[in-house]
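Side chains are part of it too, since the values below use all heavy atoms of this structure and drop only hydrogens, waters and symmetry mates. Note that the structure is predicted; figures quoted are calculated from it, not measured. In what follows, chains carry the letters A, B, and so on, assigned in the order in which the sequence lines appear, proteins first and then strands, with residues in each chain numbered from 1.
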Amino acid sequence: MDSNKVLNAEGLACPMPVVKAKKEMDNLKSGEVLEIRATDKGAASDIPAWTKSSGHELLEQDEENDILTFWIKKS
Amino acid sequence: MAEEKNGSTMIVFDGDLDKAMASFIIATGSAAMGKPVTMFFTFWGLNVLRKENVKSKSEKTFMERMFEKMMPRGPGKLKLSKMNFGGMGPKMMKKMMKNHNVSSLQEMIEMAQDLDVKLVACTMSMDVMGLKEDELIDGLEYAGVASYLSEAEDANINLFI
């Protein structure tokens, strides 16, 4: 899936993935897509929760070799 | 903002390393979710905001100096609420945090300030604990119970830690 920006949050523990996601998202324009890669197990539910709470749209979520990838469209 | 009630507030009462970490994780997470966050530090919680190894230059009474000496100076000196083991506990926990890539409390405080989390020191407990502004970190606000309550009214998450 295409994205405008990739955020590598691999190896980072809670709450860093959502903190970094917020900071990256601030630099994007509405409609652009942020791709987030994380390895923190909690991110599997944290990133969707963050997306919902901050009003963005989770387009897709994937897990491969313990790496979680999310594609999020900025509202 | 009053109609939306989407803020978060935390009263940080305890000055333990583990509780302070929990507070700052919730605060930074909440700020990342776009909420206005206020952390209100009172009693032992004020020790989290102390500068490390800084002696206050303000005029103090004997009792105030005693409190200053006896209480932990800043995030690096805090004890654990459980399994402190005379300081071994915090050392072990910091090692485990490092191994698991968890940010240190100092980093979390900086992150919180960077995310515009409002850090408020309770002036009444500063007086009671003998702490002065010159020994607390920069970027704090100083207020009392009414300010906290007014922030809490605009928030839908209010925690006492």
Side-chain angles (χ1 to χ4, degrees), chain A residues 3-59 61 63 65-75, chain B residues 1 3-10 12 17-39 48 75 92-119 154-159 161:
Chain A
S3 55
N4 300 86
K5 177 89 199 183
V6 178
L7 167 63
N8 185 354
E10 289 172 35
L12 298 179
C14 174
M16 286 313 289
V18 289
V19 170
K20 295 248 177 189
K22 146 105 173 61
K23 293 201 157 180
E24 284 297 344
M25 210 47 136
D26 285 347
N27 297 325
L28 292 188
K29 294 190 198 76
S30 174
E32 290 189 322
V33 175
L34 176 67
E35 180 179 334
I36 304 172
R37 293 189 198 142
T39 49
D40 175 28
K41 294 268 179 296
S45 61
D46 268 19
I47 297 287
W50 168 80
T51 310
K52 184 169 166 258
S53 185
S54 29
H56 305 303
E57 188 190 345
L58 180 63
L59 302 174
Q61 180 171 347
E63 183 173 355
N65 304 326
D66 289 333
I67 298 174
L68 299 154
T69 314
F70 308 86
W71 287 269
I72 296 155
K73 191 172 163 190
K74 180 163 180 171
S75 64
Chain B
M1 208 209 316
E3 311 84 55
E4 279 185 33
K5 284 198 184 231
N6 69 341
S8 308
T9 73
M10 265 140 259
V12 185
L17 175 64
D18 39 8
K19 293 185 181 182
M21 273 175 39
S23 316
F24 274 94
I25 290 171
I26 300 167
T28 51
S30 190
M33 286 168 119
K35 292 162 163 286
V37 186
T38 301
M39 299 176 85
V48 181
M92 291 192 285
M93 185 176 271
K94 282 173 196 166
K95 180 117 206 322
M96 301 269 277
M97 282 164 63
K98 210 169 195 174
N99 292 346
H100 289 281
N101 234 335
V102 175
S103 313
S104 70
L105 180 56
Q106 287 91 331
E107 287 166 342
M108 280 190 234
I109 295 173
E110 282 169 30
M111 210 187 319
Q113 290 193 304
D114 190 45
L115 289 165
D116 293 325
V117 170
K118 206 194 277 185
L119 305 180
D154 293 336
N156 53 8
I157 299 175
N158 299 300
L159 305 173
I161 304 170

Find the N and O donor-acceptor pairs between chain B and chain A that sit under 3.5 Å apart.
unit_1: B:Ala32; atom_1: O; unit_2: A:Trp50; atom_2: NE1; d: 2.8
unit_1: B:Asn101; atom_1: ND2; unit_2: A:Gly11; atom_2: O; d: 2.7
unit_1: B:Asp114; atom_1: OD2; unit_2: A:Lys23; atom_2: NZ; d: 2.0

Which atom names give the shortest non-hydrogen contact between B:Ala32 and A:Val18, and what distance separates them?
-> CB-O, 3.5 Å

Just jot down the side-chain contact (heavy atoms from CB on, under 4.5 Å) partners of B:Met21, sequence neighbours excluded, or say none.
-> B:Leu17, B:Met97, B:Leu105, B:Met108

Under a 4.5 Å heavy-atom cut-off, does chain A meet the side chain of B:Leu115, its backbone, both or neither?
-> side chain

With sequence neighbours excluded, what pairs up with A:Ala13 under the side-chain contact (heavy atoms from CB on, under 4.5 Å) test?
-> B:Val102

Mind jotting down which residue pairs meet the ring-ring contact (aromatic ring centres under 6.0 Å, His included) criterion with at least one end in residues 8-40 of chain A? Sequence neighbours excluded, please.
-> none

